[in-house]
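Not measured: the values here are computed from a predicted model. Below, chain A is the first sequence line, B the second, and so on; all start at residue 1.
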Number of protein chains: 2
Amino acid sequence: MGVIDRKEREKVEMKRQILDAARSLFLEQGFEKTSIRNIAEVIEYSAGTIYLYFKDKNEILFALHVEAFGALMQAMQAGIMSENDPFERLVALGKHYLKYAFENPELYDLMFVMTAPMETLECREEIWCDGERAFETLKFVVGECMQAGYFEGFDNETFSVMVWSLVHGLATLHLRRRTMIFAEEKRIQLLEDAYAQFVQIIKQYKSLAA
Amino acid sequence: MGVIDRKEREKVEMKRQILDAARSLFLEQGFEKTSIRNIAEVIEYSAGTIYLYFKDKNEILFALHVEAFGALMQAMQAGIMSENDPFERLVALGKHYLKYAFENPELYDLMFVMTAPMETLECREEIWCDGERAFETLKFVVGECMQAGYFEGFDNETFSVMVWSLVHGLATLHLRRRTMIFAEEKRIQLLEDAYAQFVQIIKQYKSLAA
DNA sequence: TGCATTTCTGAACACTGTTCATTTTATTTG
DNA sequence: CAAATAAAATGAACAGTGTTCAGAAATGCA
């Protein structure tokens with residue numbers, strides 16, 4: 001029965017086409033302003049066809065969400081591997097997280113800012129699993145730092161939330177254009193400096209406790 | 001000419017009615033899901049009437065934006081006044097910022113997360129002025145801390161960006177439901193602890209430099 | 001009262017997400 | 001190969017959206 005195999009392949013290919021078109025449109029003009037008809041036009045099918053492959057618009061967002069988390073996890077893993085010292089690993093983790101956010105603004109948005117998929121798919125456990133796995137990675141690296149004598153006396157989870165909040169704050173302030181209040185040429189520098197400053201502060205904390 | 005005075009008053013009152021209805025609907029069900037017809041229904045006028053008072057839906061958002069910043073500034077000023085020590089002032093500033101964010105989620109969203117008004121009204125200088133004034137307040141307090149010997153060797157603006165990013169990160173992670181990965185009963189505690197931890201770390205930094 | 005202004009309405013336009021009977025296309029069977 | 005069956009794609013329809021604008025209603029002034 002090679003036919004049903006091929007049918008399966010074709011279904012997957014079609015989903016791919018839809019997702020690719022949707023991602024590029026979302027990146028270009030955002031989720032709300034992209035219509036199903038827009039996506040259908042790109043892949044040269046009628047709007048109704050899309051509903052044969054995805055339940056609704058949110059399901060498309062959800063599929064992209066899963067893929068985006070996969071990519072982020074990969075980027076973060078790469079960051080971890082490139083360093084040996086636990087603290088430098090944490091620093092690299094944050095850097096790669098920020099890099100990913102700046103290079104994939106709409107996807108980052110979808111993963112950590114958008115509420116649309118969260119509200120409609122609140123029951124969906126999988127959505128949180130992705131986020132949790134990423135956070136577990138952070139906690140793991142923070143744990144390694146602690147074993148190496150850093151951040152003494154702090155709770156791992158709490159400390160990880162603090163680190164996450166800081167990088168997430170830097171990312172969203174910029175992605176949502178709130179750094180507009182600064183001169184254009186120094187925006188990125190300011191964010192990088194702020195991150196470097198944070199790193200310096202938490203690093204020093206160890207020296208004191210030690 | 002008491003007539004045109006009254007007309008003026010009536011115009012202002014009508015704008016108030018529209019803004020109040022809009023704010024409550026936005027808070028309830030969000031910006032996107034609130035339609036002009038919804039707002040019109042609440043104030044018992046036809047949809048077309050609203051366009052006699054506001055250019056479009058974004059203009060309503062913008063007006064609420066201005067008011068919301070006024071309220072935040074007031075909340076922050078109150079926070080500053082209640083403390084004498086510069087560092088405690090900074091701590092209180094952050095606390096009140098977070099308090100405002102958690103108590104006015106949709107307004108905070110509109111001020112620091114939404115891109116809708118930013119894109120459409122990109123040319124509008126006033127929008128940035130509000131944000132800038134709030135940031136200047138933070139910088140001022142950080143400056144006072146520095147004069148008192150805290151955060152030695154750091155750049156005021158960079159340091160302020162770091163502080164802002166942290167509290168903004170805490171706020172948005174929670175408002176956008178990303179703290180769902182934690183047990184419900186400890187979510188708020190975790191955020192408060194993370195903030196307290198951050199405060200402890202930046203406070204300690206001074207002791208070392210001194 | 002009559003006339004001029006201002007205020008408001010409600011229909012219309014082009015768009016949205018989504019559904020579904022109908023048509024087109026592909027596969028299997030006789 | 002032709003007919004019957006199954007699968008896939010369509011496009012019209014529905015109820016909704018933001019926005020505009022000719023005309024109706026209300027108001028102000030003489």
Next item on the list: Check the distance between C/dG17's P and A/E32's CD and give it to me in whole angstrom.
Entry: 9 Å
Next item on the list: Check the distance between D/dG18's C1' and B/L61's CG and give it to me in whole angstrom.
Entry: 14 Å
Item checked: Aromatic ring pairing B/W164/B/F135, orientation class (parallel under 30°, perpendicular over 60°, tilted between) -> tilted
Item checked: Cation over ring face, B/K15 and B/F54, 6.0 Å, 45° -> yes
Checklist line | Residue closer to the 5' end of DNA chain C, A/R37 versus B/T49 (nearest nucleotide) | finding: B/T49
Next item on the list: Report the distance from atom CG of A/N58 to atom C1' of C/dT16, rounded to the nearest whole Å.
Entry: 14 Å
Check: Separation of A/N38 atom CG from C/dA14 atom P, in whole Å?
Finding: 17 Å
Notebook entry, point to check: What does A/F54 touch in the nucleic acid at a heavy-atom separation under 4.0 angstrom: a base, only the sugar-phosphate, or nothing?
Noted result: nothing
Item checked: Residue B/E10 excluded, over 12 heavy atoms near CD under 6.0 Å -> yes
Notebook entry, point to check: Do the charged groups of B/R37 and B/E41 touch, with an N to O distance under 4.0 Å?
Noted result: no
Notebook entry, point to check: Of the nucleotides D/dA9, D/dG18, C/dG17, which has the atom closest to the A/K57 side chain?
Noted result: C/dG17
Notebook entry, point to check: Whole Å only: how far is the OH atom of A/Y51 from the P atom of D/dG11?
Noted result: 16 Å
Notebook entry, point to check: How long is the line joining CZ of B/F31 and P of D/dG18, in whole Å?
Noted result: 8 Å
Notebook entry, point to check: So what does A/Y45 hit on the nucleic acid, given a heavy-atom distance under 4.0 Å: a base, only sugar-phosphate, or nothing?
Noted result: sugar-phosphate
Margin query: Less than 4.0 angstrom between a side-chain N/O of B/S46 and OP1 or OP2 of C/dG10, yes or no?
Written below: no
Margin query: Distance check needed: C/dT16 C1' versus A/E41 CD, whole Å only.
Written below: 14 Å
Next item on the list: Mind calculating the distance between CD (A/E44) and P (D/dA9) to the nearest angstrom?
Entry: 14 Å
